Amino acid sequence: MILLVDVGNTSIVFGLAENNQIKKTYRFKTATDKTADEYYIMLKPVLDLYDVKDVIISSVVPIVTSALKKMCEKYINPSPMIVGPGIKTGIQLKVDDPKTVGADMIADAAGAMKLYNEAIIVDLGTATKYIYAKNNIFYGCSIAPGVAISMKALVSNAALLPNIELVCPKKVVATATITCMQSGVIFGAAAQVDGMVERIRDEIKNPNIPVLATGGLSKLIVPLCKTNIERSEFLTLDGMYEIYKKNVA
């Protein structure tokens with residue numbers, strides 16, 4: 001088994017891959033204060049079930065990258081692969097400064113290019129990212145505050161608004177404070193996705209380009225969108241697995 005570790009600002013997703021398939025996934029809350037040993041203890045029940053031979057890490061949280069790298073070196077594999085400089089990704093970065101492109105977005109593009117020659121990728125995580133890729137070239141992206149961040153900003157800056165659960169209300173025009181907030185944030189996010197996809201399609205002059213969505217909040221937002229969007233829950237992990245194979249071939 002190959003252990004795929006996708007470290008985001010909110011969650012860490014561990015995937016187990018074998019024979020070109022993601023077999024199992026586990027999601028944990030990202031904790032920047034855990035040591036390598038603590039991460040191992042957290043993951044040990046999973047590692048005891050599977051024969052993990054190699055590890056690839058994609059991370060946007062450097063302090064967690066360091067802890068997980070030490071964990072791998074101590075307990076699993078002395079040479080974990082980390083998506084970054086020196087790693088073959090199969091994705092050309094046509095941007096001003098390639099070093100600033102997050103490992104997660106590179107993995108998203110690698111996963112999408114496995115499915116299509118050209119695609120818009122909507123990654124609904126801590127931030128909402130709109131990525132355009134074609135023929136294994138990452139042409140750029142747009143980054144907006146994610147759904148949870150928008151909700152936190154609303155609550156923290158409005159004294160009379162309560163902290164609420166991200167649940168989709170029955171109607172857009174709601175009649176209670178909590179459902180009004182849920183409507184604005186959740187339906188607003190769906191409308192943003194529709195609008196941004198339309199603008200990108202207009203900009204690249206391709207109204208029929210496929211749209212893929214991934215990320216922890218895609219399950220909530222994608223069904224509310226008017227745009228035809230293909231939800232790919234493990235797109236980032238799929239892309240990491242493709243990158244891994246390119247480097248061990």
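A quick note: this is a predicted structure, and the numbers were derived from the prediction, not measured. Just so you know, these numbers use all the heavy atoms, side chains as well, and skip hydrogens, waters and symmetry mates. Nothing fancy with the numbering, it's 1 onward along the sequence.
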Subject >> Verdict with supporting geometry, T25 and F234, side chain to side chain contact (heavy atoms under 4.5 Å, CB included) >> reply: CA-CA 9 Å; T25 61; F234 305 124; 3.4 Å; yes

Taking side chain as C-beta onward, heavy atoms only, is [X] less than 4.5 Å from [Y]?
| X | Y | result |
| --- | --- | --- |
| I22 | L4 | yes |
| I56 | I243 | yes |
| I204 | I209 | yes |
| N9 | T30 | no |
| K70 | T35 | no |
| N247 | I87 | yes |
| K34 | M42 | yes |
| T227 | V193 | no |

**OP:** Show the numbers, then the answer: is there a side chain to side chain contact (heavy atoms under 4.5 Å, CB included) between L47 and Y40?
**Re:** CA-CA 9 Å; L47 296 173; Y40 175 71; 3.7 Å; yes

Step through the shown structure and confirm whether more than 12 heavy atoms of other residues, nucleotides or ligands are within 6.0 Å of [atom1] on [X].
| X | atom1 | value |
| --- | --- | --- |
| N228 | CG | no |
| D96 | CG | no |
| K23 | NZ | yes |
| K129 | NZ | yes |
| I63 | CD1 | no |

Subject >> Residue among N77, L43, I57 satisfying side-chain contact (heavy atoms from CB on, under 4.5 Å) with L3 >> reply: L43

**OP:** Apply the test salt bridge (charged side-chain N to carboxylate O under 4.0 Å, His left out) to residues E73 and K69: give CA-CA distance (whole Å), side-chain angles for both, the deciding distance (0.1 Å), then the verdict.
**Re:** CA-CA 6 Å; E73 291 171 344; K69 182 174 182 290; 2.5 Å; yes

Enter the distance from [X]:[atom1] to [Y]:[atom2] here, rounded to the nearest 0.5 Å.
| X | Y | atom1 | atom2 | answer |
| --- | --- | --- | --- | --- |
| Y50 | K24 | OH | NZ | 4.5 Å |
| M113 | L212 | CE | CG | 8.0 Å |
| T128 | I143 | OG1 | CD1 | 10.5 Å |
| Q182 | L166 | CD | CG | 7.5 Å |
| I186 | I221 | CD1 | CD1 | 6.0 Å |
| Q192 | R199 | CD | CZ | 11.0 Å |

Original post:
Between Y241 and K245, is there a cation-pi geometry (under 6.0 Å to ring centre, at most 45° from the normal)?
Top reply: yes

**OP:** Applying side chain to side chain contact (heavy atoms under 4.5 Å, CB included), run through T214 and R231 and close with a yes or a no.
**Re:** CA-CA 6 Å; T214 191; R231 183 170 170 265; over 6 Å; no

Can you give me the closest heavy-atom contact between [X] and [Y], atom names plus distance?
| X | Y | value |
| --- | --- | --- |
| T65 | S59 | OG1-OG, 2.6 Å |
| P223 | S218 | CD-O, 3.8 Å |
| A190 | C225 | O-SG, 3.8 Å |
| G8 | V60 | CA-CG2, 3.9 Å |

Could you see if [X] belongs to whatever hydrophobic cluster contains [Y]? Use Ile, Leu, Val, Met, Phe, Trp, Tyr and a side-chain cutoff under 4.5 Å.
| X | Y | answer |
| --- | --- | --- |
| V83 | V55 | no |
| I2 | V248 | yes |
| F138 | M240 | yes |
| L217 | V197 | yes |
| I149 | M196 | no |

Is it true that the side chains of [X] and [Y] contain a donor and an acceptor less than 3.5 Å apart?
| X | Y | value |
| --- | --- | --- |
| Y139 | E118 | no |
| T126 | T10 | yes |
| Y75 | D37 | yes |
| S58 | D104 | no |

Using atom types as modelled and distance alone, determine if a side-chain donor or acceptor of [X] lies under 3.5 Å from a backbone N or O of [Y].
| X | Y | value |
| --- | --- | --- |
| S183 | T179 | no |
| S11 | V13 | no |
| Y39 | A31 | yes |

Original post:
According to the interplanar angle, ranging from 0 to 90°, do the rings of F14 and F28 count as parallel (below 30°), tilted (30 to 60°) or perpendicular (above 60°)?
Top reply: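 The arrangement is perpendicular - the two ring planes meet at more than 60°.
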
Subject >> Audit row: L220, C168, side chain to side chain contact (heavy atoms under 4.5 Å, CB included) steps and yes/no >> reply: CA-CA 8 Å; L220 174 66; C168 183; 4.2 Å; yes

**OP:** Check the pair K114, E242 against salt bridge (charged side-chain N to carboxylate O under 4.0 Å, His left out), reporting the backbone distance first and the verdict last.
**Re:** CA-CA 8 Å; K114 178 185 174 183; E242 291 301 303; 3.7 Å; yes

